[in-house]
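Everything numeric in this text was worked out from a predicted model, so none of it was measured. Here is the naming used below: chain letters follow the sequence lines, and residue numbers restart at 1 for every chain.
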Amino acid sequence: MKLFQQNHCLICHQAILPDVGWQAIFSIEKEQLICKECERKFEKIDGETCRICSRPLHLLEEKFRHGDLCHDCFRWEGDEEWKGFLTENHSLFLYNDFLKKVMAKFKFRGDYILARGFALYVKELVKNVDTDLFVPIPLSEERLYERGFNQAAAVLREADLPSSEILTRIHSEKQSKKSRNERIHLPQVFNLKHNADIQGKKIILIDDIYTTGSTLRHAAKLLKQAGAESIHSLTIAR
Amino acid sequence: MRFRIENNKLIAGKSFAPNSLRISQFNIIPQPPLNPNFSFNPELQKLLIGKQLLIDDLPYQLEEIQNHYDHGYITFRKGIEYAGKTPVCARCGNNEQQWFAIYPCTRCGEDCLYCRKCLMMGRISECTPLIGWNGPAPDSSLPSKMLEWQGTLSQGQLEASERVKNAILQNKEWLIWAVCGAGKTEVLFAGIEAGLAANKRLCIAAPRTDVVLELTPRLKAAFPNILVASLYSGSTDRHLYAPLTIATTHQLQRFYHAFDAIILDEVDAFPYTVEESLQQAVIQARKQESAMIYLTATPNAKWQKECLSGKRAYTTIPARFHRHPLPIPEFTWCGNWQKRLKKNKLPPNILTWIKKRLDEGKQALIFFPHIPLMEKALPVLWALTPNIEAVHAEDPERKEKVQKMRSKEIALLLTTTILERGVTFPAIDVAVVGAEDGIFLESALVQIAGRAGRSKDHPTGAVTFFHYGKTEAMIKARRQIMSMNREGVKRGLIDL
């Protein structure tokens, strides 16, 4: 046991002063990875949210709400082709300017270790969840080589959760360069590995950001049609 | 990425071939001899010469890079080196454990250690090679007349200019210790011209982007027919090969044995002074045989001592180009001003000082040691005039507020040390509130005092340090200013 361990915040690199006190000395020390200052800048999603995508409803104008659904989910669920594939999404934080910066560093600059910071929250969230598989949204082979790691799988790994990499992705233009309409009307970009056994399985999909929900719904549709019982999803940002 | 050695050549591959290793695992990296008959890619040559780049930075296929290496034109270096068991980033020199992390890398298929310190320039890990150029330099033909600047140098500038020129031509290290407002930039012109004529690749580096942005148009105007690369975060010149480069010290991390001379402006400025990686960048960017010119108005205590004891070659420009002495700071005791500020008051002598400026219609710059104190003082001063702004480093409207001061829209500008250097307002008085605070180092106070009396038309200006107890820094700052004035008079550079 290191009594006076000097940790540095994963995000801002400032030294984190450990709590010194009898309790801190005699209890198993919880690793502090992110300083209080940075932690405060993450906006946790709480309050009343859309039943499916966890978008905070209080941020929406009345005309974009349909009961307990947001306008986007209402449209998805009204479409026979997409209805009912994604049961529910959970997102940890609002995609605010601070998280945008952290996420850009994580994904695009490839600062893998930031996954460990997010993992703490993920672990907490799935503690009491009953599920069979955690499936990270895959990158195409080209993108995976370019990035060096898959950001969704990284979060699972750092949270000590088993990662079932049963999906593959066809290489295409970056999602972030497309409009909502383009994203929805995309042909299926995912494939299921042929040896994957998902019959009757409860699955949680993991992704970094929920934007339009199109990525997760494409994956959910594929898995559901291949025999999975239910598909939930979990993303860092919303 | 993984490598094998075959026939004493390194072979890079994207696949995990048997017997392949990560580049950090080789003891020695072979370098094939230069094949003079190889027809190399001149674009790649311009991109790579004097640089240390990642494969991801190069818009060429791996095959072409490998081919240039095979013929001796490209070098591979380890991105991460080991000093015993301690990893060291070969690009930024980082060797602190907290700045490294490990990830399961899809490029090499192993747990791979990477540097977080210089991550923003592209990730360097144990399987990452740094690519450099080993072939000849590009041919450059320069015009016979390069310097188009028409101005004349003051006597003090002229002496320093000669020193710079000699140092550049003879690969010497030289410090130019020039007071605020001496006209440092013009002092460089003759040396740059002589260096370019001698076919040297030159660089002016500075810690802050503001300085690079300010110097670039001035050098382009002085050398209109010379290609100038201006490098800072987000600049479009990133891959431009030029005989004259102006760069932030941060950007020098992409260079390796590139320059015959580096002129380092503001050696004493943040973040250069605290970031070892930036000091390392400057060292790495120099050729082994090269010149180094340091420019500053405020060398630190160690350098001052080295100068005075003859260990450091230097030249002073003790007077401003307009031949008036530097304004000498006046010390005024203002009691426990922080206590007063808590009650939303300021010491009467500070208020009197400010009122006088407002009555006379003279603009003033007022420095505070910390943002919260400054923000507390702002509403107190609104009682005198609404015409005040306060500015600090993270202020999104920083530029606009400085502009308002320039265009005389506001009477007072409150600021933290962020405006201690670099900005010039023609006719202002300067005050420091709380000059005793530890943030006001000798150098900061000399720079602050140097904001007053800058222009030829307004060569004087009041500088007042309001304090709650004199500090060593205050005394040293004043002593430094006075001694420069004395020297200026003695050398006939100041008119009395």
Side-chain angles (χ1 to χ4, degrees), chain A residues 2 5-16 31-35 37 41 97-98 101-119 136 138-160 163 165 168-169 171, chain B residues 1-2 12-16 22-23 54-59 61-62 79-80 87 89 91-92 94-129 233-234 250 253 271 274-277 394 396:
Chain A
K2 280 188 236 166
Q5 189 177 352
Q6 178 84 341
N7 286 329
H8 290 264
C9 173
L10 277 184
I11 296 170
C12 70
H13 298 283
Q14 294 295 318
I16 299 174
E31 207 180 0
Q32 224 191 331
L33 299 171
I34 295 174
C35 72
E37 200 91 341
K41 292 180 190 162
D97 286 346
F98 179 69
K101 268 189 210 155
V102 177
M103 205 58 108
K105 203 161 181 216
F106 176 45
K107 267 173 84 167
F108 300 122
R109 302 292 172 172
D111 199 1
Y112 172 89
I113 202 69
L114 291 172
R116 195 168 286 176
F118 297 131
L139 300 174
S140 67
E141 244 176 80
E142 290 87 341
R143 189 80 67 228
L144 185 60
Y145 183 86
E146 185 187 300
R147 297 246 174 101
F149 62 89
N150 172 329
Q151 66 271 16
V155 173
L156 283 173
R157 185 177 188 265
E158 293 303 317
D160 295 319
S163 170
E165 295 175 23
T168 58
R169 185 184 202 136
H171 191 62
Chain B
M1 166 163 284
R2 298 190 71 88
K14 287 189 176 178
S15 62
F16 304 163
R22 296 183 299 176
I23 192 157
L54 308 181
I55 287 183
D56 300 7
D57 292 327
L58 303 173
Q61 294 293 316
L62 184 58
I80 302 284
C89 174
R91 180 170 60 189
C92 75
N94 167 37
N95 60 1
E96 290 172 78
Q97 197 199 336
Q98 58 139 148
W99 286 100
F100 289 107
I102 294 172
Y103 77 114
C105 173
T106 56
R107 293 195 181 187
C108 67
E110 292 185 44
D111 280 350
C112 201
L113 178 120
Y114 70 99
C115 176
R116 299 187 71 208
K117 189 116 194 186
C118 59
L119 185 80
M120 295 308 274
M121 309 191 110
R123 182 181 53 212
I124 287 188
S125 72
E126 286 172 298
C127 74
T128 313
S233 171
H250 201 88
Q253 295 187 347
V274 294
E275 284 276 356
E276 266 176 59
S277 59
E394 269 131 67

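Within the 4.5 angstrom heavy-atom criterion, atoms from both the backbone and the side chain of A:L10 approach chain B.
Rounded to the nearest 0.5 Å, atoms CD (B:Q97) and NE2 (A:H8) are 9.5 Å apart. The line from CZ of A:R147 to CZ of B:R107 is 11.5 Å long, rounded to the nearest 0.5 Å. In this structure, the separation between CZ on A:R143 and OG1 on B:T106 is 12.5 Å, given to the nearest 0.5 Å. A distance of 14.5 Å separates OH in A:Y112 from CG in B:L119, rounded to the nearest 0.5 Å. Distance CE/B:M1 to OH/A:Y145: 3.5 Å, rounded to 0.5 Å.
By the 6.0 Å contact criterion, CD on A:E37 is open, its count of non-hydrogen atoms from other residues, nucleotides or ligands being 12 or less. Atom CD of A:E141 is surrounded by 12 or fewer heavy atoms from other residues, nucleotides or ligands within 6.0 Å. Other residues, nucleotides and ligands contribute at most 12 non-hydrogen atoms within 6.0 Å of the CD atom of B:E276.
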>> Is there a ring pair (Phe, Tyr, Trp, His ring centres under 6.0 Å) between B:W99 and A:H13? Walk through the geometry before answering.
In response: CA-CA 9 Å; B:W99 286 100; A:H13 298 283; 3.7 Å; yes
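Between chain A and the residues B:S125, B:P104, B:A101, the most heavy-atom pairs under 4.5 angstrom are made by B:P104. Among A:R157, A:E158, A:R109, the residue making the largest number of heavy-atom pairs under 4.5 Å with chain B is A:R109.
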